[in-house]
Structures are given as structure tokens and as C-alpha cells.
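Reckoned from all heavy atoms, side chains included, excluding hydrogens, waters and symmetry mates. Residue indices begin at 1 and follow the sequence shown.
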Amino acid sequence: MPLEHTLLEKLSAVVGAEHVSTAAADLESHGVDEGWHEGVAPEAVVMPASTEEVAEVVRLCAAGEIPLVPFGAGTSLEGHIAALRGGISLDLSRMNAIVEVNAEDMDVRVEAGVRRLALNDYLRHEGLFFPIDPGANASIGGMAATRASGTNTVRYGTMRDAVMGLTAVLGTGEVVHTGSRARKSSAGYDLTRLLVGSEGTLGVITEVSLRVHGIPEVIGSATASFGDVAGAVGTVIELIQLGIPVARVELLDRAMVAAVNAYADLQLPVQPLLLLEFHGGPDAVAEQSHTVAQLAARHGGTGWQEATSTEERNALWRARHDAYYAGLATRPGMKGVSTDVCVPISALAGQIDAAVTDIAETGLTAPIVGHVGDGNFHVLIMFDPDDAEEKAAALAFHRRLVERGLAAGGTCTGEHGIGYGKLPFMKVEHDATALAAMRAIKHGLDPAGILNPGKTVPAG
């Protein structure tokens with residue numbers, strides 16, 4: 001049912017008429033993310049400027065049972081922001097204030113619309129940085145909602161570890177404040193962790209308190225090539241068992257190395273590649289690099305190279321972050337199913353080898369990159385959107401990839417989230433009792449079911 005004109009008038013009275021849009025371009029851009037899933041445009045875009053305005057918008061939507069989809073930067077990959085049932089896209093980009101920086105305690109409080117790179121630009125002057133790096137310049141609220149992680153996870157953890165507390169508006173329009181600035185607490189249910197990763201289905205996150213870190217005195221990067229994936233993963237398993245505090249450790253398979261070389265004009269050997277980064281003092285970084293170089297050699301690693309200058313390091317990591325676009329560039333005009341699974345690290349090499357064999361047997365183009373320090377790997381499965389047979393083959397491969405990961409004791413997604421793209425796998429990964437508990441939580445916090453409906457938890 002189309003939105004009533006009276007509702008639009010009420011929303012305009014809350015946020016200002018200039019911050020309510022029904023323009024076709026705005027609707028289209030707010031219904032599609034960077035993934036491959038079909039976008040669905042909302043009926044209106046509303047841009048509040050405060051928690052109070054968000055709460056009033058939610059109350060109006062709840063009263064009329066109008067679906068409401070929180071929107072950050074639109075960089076998600078699993079259809080999180082598609083307005084599957086119409087309604088409102090609640091764009092939080094105007095809420096972009098850095099509210100509080102406590103340099104001595106190394107924590108900050110920001111509004112949900114603050115972008116990751118803007119936060120780090122601001123923190124740099126305090127000698128601090130925010131380490132969660134999913135690649136995209138995502139909003140902090142969106143990163144909390146999707147439980148983002150990325151290349152620094154092996155040392156600094158995910159958003160689950162970084163978020164100390166939240167302000168969120170529940171589906172009733174009530175405002176809840178969770179957590180504190182204390183480094184730990186045993187006081188009641190952990191509502192912060194409940195909302196982190198809830199993908200906008202339990203509440204609209206409006207403020208986030210974050211744990212931040214001191215900028216390392218020295219940052220060193222290194223690369224090593226391997227004859228096979230098993231050697232690269234074996235190196236990572238051993239360095240983790242030895243407690244070497246590597247900050248980043250990424251794996252690119254042969255296909256992805258070739259794609260990155262072409263896209264970023266690099267000359268990396270076309271073999272499975274480990275890309276590492278070390279943080280600390282000069283002696284610590286030198287010792288870590290030397291130890292890992294020896295480990296890599298024992299596992300068949302060759303061509304160990306250290307990147308000492310900022311320019312060299314940035315070029316390497318820019319190539320890693322551009323892997324998605326590098327993969328797409330191997331087949332211009334194609335669609336890419338960017339998916340991820342996460343498995344115990346001991347199972348990682350076997351899972352990647354099985355994926356590579358499956359790719360070869362099906363004739364697909366699907367380069368692989370992985371956060372091997374935590375067992376998470378990504379496959380970019382390319383297909384011609386006009387070729388029904390190739391699309392079916394890509395989706396069948398995707399299903400087998402996830403099924404293998406689950407059978408190995410893993411999860412259907414390490415960091416992309418569920419959205420509606422991975423909704424079918426929830427019934428495979430979780431038993432009926434767990435799903436029922438999730439639905440009960442959803443109903444308790446969003447009784448009208450207006451918050452991002454059709455996402456994250458399948459209907460009973």
C-alpha cells in the first residue's frame with residue numbers, strides 16, 4: 001500500500017521537508033547495495049539529524065505498521081538495505097558528529113553516520129586509530145549493525161570487540177542505551193552484543209562508543225609466495241600457535257593475484273600469496289618479520305619481500321582492498337557473487353582447495369581472497385546476468401561452497417552478514433530452537449515487525 005500523504009507530512013514536520021525525498025533517483029540509490037542481489041527501492045527516504053528525530057520517525061512508522069530500513073553508506077553485500085516490503089529508508093548520513101574523544105582511556109563516541117576514514121583522519125591528531133577495516137568506507141553505525149571486521153581482525157578483533165556501548169531506537173520508538181566506558185562488565189544481559197550484528201532488525205543504531213588504539217610506532221608489511229594454498233595456510237597456523245602478534249595476514253589465490261596484477265599494475269608472482277603486516281616498536285616488528293619469514297620458508301614460501309615505505313605498504317593494501325573490483329575487471333560487464341564463509345583455521349586449506357577444484361570443474365571465473373588469520377575466505381563468482389545457465393551454475397557453486405563450510409564446523413558468513421541473500425542458510429546453520437529464540441527476541445524489541453523486515457532471521 002503506498003505511503004499516505006499525511007504520513008509524509010508528519011515525517012516532514014519531524015526532520016524538515018527538505019530531508020524527505022520521493023525522487024526516483026534517491027529511491028533507487030537507497031534500495032541497492034554493492035552486492036549482486038536485486039535491489040528493491042523504498043517509497044520514501046527520510047534523513048533525520050538526531051536520536052530524538054529517529055525515535056519520532058520510528059513511532060510514526062510503528063503506529064502505521066510502515067516498514068523501515070536503516071541506511072548507512074550502502075556498502076553492504078547481502079541485500080541488507082533492499083526495501084523488500086516498501087516503506088521508508090532511514091538514511092543516517094546527517095548524523096555524522098564525533099561526539100566525544102577520551103584519548104587517555106582510548107575510547108570515542110560517534111554518531112552512526114560517521115564514516116570509517118573520516119574517524120581515522122580525526123583520531124590521527126590524537127595519536128589514535130580505529131582498526132576495524134572492512135575495505136569499504138562504511139559508516140560506523142552500519143559496521144556495528146553488520147558486525148563488520150576485515151583485514152585487521154586477527155589482531156584487533158571485529159566490531160563485536162570494538163563496540164563498548166550503543167544508543168539505539170527500538171521498534172516501539174523507545175530509546176535504549178547499552179554498555180558503558182568501563183573495559184568490562186558483568187551487569188545483566190549483554191544488550192550491546194545483541195544489537196551488534198542485528199542488521200537493523202532489532203533497533204536503529206544512532207550512536208556508538210568504540211574502543212580505539214594507539215597508532216603503532218612502526219608498521220611493516222611483507223609478502224611471500226607459495227606453491228600451494230596448504231603451505232600458505234600452514235604458515236599462518238604455526239604463527240598463530242606461536243603467538244606472533246601479526247596485525248594482518250591475507251591470502252590471495254593464483255587467480256586473484258593475476259587479477260590484482262592486471263588491475264593495479266603490480267608484478268606479484270602468480271602463485272598463492274600471503275600479504276602480512278606487523279605493528280609495534282622497531283625491534284618488535286623486525287623480530288616478527290624475521291620469525292615469520294623463517295616459518296614461511298619452512299612451508300615452501302619463496303620471494304619474501306618487505307615493504308618498508310608508506311608508499312609501498314599503501315600500494316599493497318590498496319591492491320588487496322581493490323580485489324573485488326580487480327576480480328570484476330577480469331570479465332567486464334559481468335555480475336559478481338561476492339560471498340564469504342568462515343571455518344576453523346585447520347580446515348581452511350582443504351576448503352579453499354575444494355573450492356578451486358569445484359571452480360575448475362564448473363568452468364567458472366571465481367578468484368579467492370581470505371582473512372586467513374581467522375579462517376574467513378571470500379570467493380568472487382562471476383557470471384553473465386543474461387546467461388541463465390551460467391547464473392544457475394554460479395548459484396549452485398555458491399550453495400556447495402557454503403555447505404562444505406558448514407560441514408567443516410564453520411559458518412555461512414564470517415563478516416558479510418545475512419541480509420536476505422543468505423537467509424536460506426540460516427535454517428541449515430541453526431536448529432529450530434535457536435531460530436525460535438531469535439524470533440522471540442525480534443518480536444520483543446520490534447513487536448510490529450517494522451524494522452528491516454524479511455532479513456536476518458527466516459520466518460517460522
Results of salt bridge (Lys or Arg N to Asp or Glu O under 4.0 Å) for Arg124 - residues two or more places apart only = Asp121

Using 4.0 Å as the upper bound for N to carboxylate O, is an ion pair formed by Asp161 and Arg211?
-> no

Close side-chain approach of Trp36 to Met334, heavy-atom, < 4.5 Å = no

Set of salt bridge (Lys or Arg N to Asp or Glu O under 4.0 Å) partners for Glu100, sequence neighbours left out | Arg109

Starting from the C-alpha separation in whole Å, work towards a yes-or-no answer on side-chain contact (heavy atoms from CB on, under 4.5 Å) for His371 and Glu415.
-> CA-CA 10 Å; His371 309 313; Glu415 61 185 15; 2.7 Å; yes

Between Lys335 and Asp387, is there a side-chain N and carboxylate O pair less than 4.0 Å apart?
-> no

Does Glu199 pair with Lys455 as a salt bridge, N-O distance under 4.0 Å?
-> no

Min side-chain heavy-atom separation Leu202-Ile441 under 4.5 Å | yes

Hey, are Asp384 and Lys391 close enough for a salt bridge, meaning a charged N less than 4.0 Å from a carboxylate O?
-> no

Would you call Arg400-Glu403 a salt bridge at under 4.0 Å N-O?
-> no

Should the pair Tyr156 and His279 be assigned to parallel (<30°), tilted (30 to 60°) or perpendicular (>60°) ring geometry?
-> tilted

Cationic N near anionic O, under 4.0 Å, Glu390 to Arg331 | yes

Beyond-backbone contact of Thr167 with Val208, side-chain heavy atoms, under 4.5 angstrom | no

For Thr192, what residues pass the side chain to side chain donor-acceptor pair (under 3.5 Å) criterion, not counting sequence neighbours?
-> Thr178

Salt bridge present between Asp107 and Arg181 (N-O < 4.0 angstrom) = yes

